[in-house]
Amino acid sequence: MSLRVLLADDHRIVREGLAALIGREPDIEVVGTASDGREAVRLAREAAPDVVLMDVAMPGMSGVEATRQIVAELPAVRVLCLSMHVERKFVSAVLEAGAAGYLLKDCAHEELVEAIRQVTAGRAYLSPSVAATVVDDYAARLSGETAPDASPLSGREREVLQLLAEGRSTREVAERLHLSPKTVGSHRERIMRKLGIDSIAGLTKYAIRHGLTTADRNSPP
């Protein structure tokens with residue numbers, strides 16, 4: 001029986017390349033591709049894959065939030081993150097969201113396939129350089145240098161925050177999330193109040209620091 005894999009990445013060429021590579025494996029089947037986190041969540045519900053190969057930094061809904069929603073709603077589905085980012089904020093964010101593994105995009109094809117098989121079997125998988133980041137983070141927490149940072153924001157508030165940090169206007173956020181501009185404004189006010197931040201610039205810094213978006217995405221497409 002084939003392992004069923006769903007691919008989520010906002011770059012079409014990456015999705016097509018991964019599908020071609022993974023599709024060569026006799027025991028792995030690509031059951032769908034998603035261009036953002038929201039589509040990944042929807043397709044995970046419909047296709048019930050064994051593994052979602054998830055990019056971390058995507059517009060609209062990040063891979064972090066998509067991972068959180070998939071793991072909460074579909075506990076049998078394993079999420080394996082594939083990212084170009086090795087920074088602690090991204091690794092910690094997706095692992096805390098429930099991802100079963102984290103790979104870097106410069107990994108070899110053989111490592112990617114092995115990681116898919118490992119997480120499907122119920123084990124965790126981390127690229128060596130990512131494992132070092134996780135160990136360093138754990139050591140820092142034990143020493144009291146850092147503390148676990150549980151987000152005070154709801155899922156919807158994290159979505160709104162990501163889009164605002166990417167430079168979207170209130171109207172653009174409303175259209176993207178199918179909300180009214182007034183509702184988006186209310187979300188923005190609650191986010192600022194919860195975080196103790198009183199400017200969009202401050203929200204952007206928070207979003208980047210916590211892996212919700214990256215510095216190179218802070219402008220509309």
Side-chain angles (χ1 to χ4, degrees), residues 5-16 30-49 52-77 79 81-83 90 93-94 96-99 150-195 197-221:
V5 178
L6 172 65
L7 306 176
D9 195 291
D10 59 323
H11 293 98
R12 180 178 177 182
I13 192 170
V14 174
R15 295 194 303 273
E16 292 177 347
V30 176
V31 296
T33 61
S35 59
D36 61 28
R38 188 179 304 282
E39 188 177 18
V41 173
R42 178 179 63 80
L43 291 178
R45 293 177 183 137
E46 295 175 359
V52 178
L53 192 59
M54 182 83 72
D55 189 16
V56 175
M58 293 185 288
M61 178 189 285
S62 71
V64 177
E65 182 59 27
T67 297
R68 186 178 287 109
Q69 292 191 19
I70 290 171
V71 169
E73 186 175 336
L74 304 165
V77 177
V79 177
C81 289
L82 181 65
S83 176
F90 291 104
V94 294
E96 289 170 4
S151 173
L153 305 180
S154 68
R156 176 64 82 188
E157 287 166 348
R158 286 190 294 269
E159 289 182 74
V160 171
L161 172 57
Q162 180 188 349
L163 290 170
L164 291 173
E166 290 174 356
R168 312 279 180 175
S169 68
T170 296
R171 183 169 297 280
E172 288 172 327
V173 175
E175 291 175 353
R176 178 66 67 91
L177 299 181
H178 306 292
L179 301 172
S180 71
K182 182 177 180 180
T183 299
V184 172
S186 296
H187 280 306
R188 184 180 63 246
E189 291 174 6
R190 279 197 298 273
I191 292 167
M192 288 180 167
R193 185 167 62 250
K194 286 182 177 182
L195 300 180
I197 296 172
D198 59 4
S199 68
I200 294 297
L203 291 180
T204 299
K205 291 178 182 178
Y206 178 94
I208 293 172
R209 190 166 64 249
H210 288 80
L212 291 175
T213 188
T214 57
D216 60 352
R217 289 188 183 276
N218 293 333
S219 62

Hey, could you give me the [atom1]/[atom2] distance between [X] and [Y], rounded to the nearest 0.5 Å?
X      : Y      : atom1 : atom2 : value
Met54  : Ser83  : CE    : OG    : 12.0 Å
Phe90  : Ser62  : CZ    : OG    : 9.5 Å
Lys205 : Ile200 : NZ    : CD1   : 13.0 Å
Leu7   : Arg15  : CG    : CZ    : 9.0 Å
His187 : Ser154 : NE2   : OG    : 6.5 Å

Is it the case that the side chains of Thr170 and Arg188 hold a donor-acceptor pair, with the cut-off being a distance below 3.5 Å and no angle test?
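The criterion, which ignores hydrogens and geometry beyond distance, is satisfied for Thr170 and Arg188.
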Under 3.5 Å side-chain donor-acceptor pair for Ser180 and Thr183
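Side-chain D/A pair, Ser180 to Thr183: present.
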So do the side chains of [X] and [Y] get within less than 4.5 Å of each other, counting heavy atoms only?
X      : Y      : answer
Leu203 : Ile191 : yes
Asp198 : Arg193 : no
Pro49  : Val77  : yes
Leu153 : Leu161 : yes
Asp36  : Asp10  : no
Val41  : Met61  : yes
Gln162 : Glu65  : no
Leu179 : Arg156 : yes

Identify the heavy atoms of [X] and [Y] that sit nearest to each other, and give their distance.
X      : Y      : value
Glu166 : Pro59  : OE2-CA, 3.7 Å
Leu195 : Pro152 : CD2-CG, 3.7 Å
Ala8   : Ala40  : CB-CB, 3.8 Å
Cys81  : Ala99  : SG-CB, 4.0 Å

Hey, is Glu16 close enough to Arg12 for a salt bridge, meaning N to O under 4.0 Å?
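Judged by the 4.0 Å cut-off on N to carboxylate O distance, Glu16 and Arg12 do form a salt bridge.
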Is Glu159 paired with Arg38 through a side-chain N to carboxylate O contact shorter than 4.0 Å?
yes
Near Lys194 NZ, under 6.0 Å, is it more than 12 heavy atoms from other residues, nucleotides or ligands?
yes
Arg171 atom CZ, neighbour heavy-atom count above 12 within 6.0 Å
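No - once you tally the heavy atoms of other residues, nucleotides and ligands closer than 6.0 Å, there are 12 at most.
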Main-chain N/O of Leu43 paired with Glu46 side-chain donor or acceptor, under 3.5 Å:
no
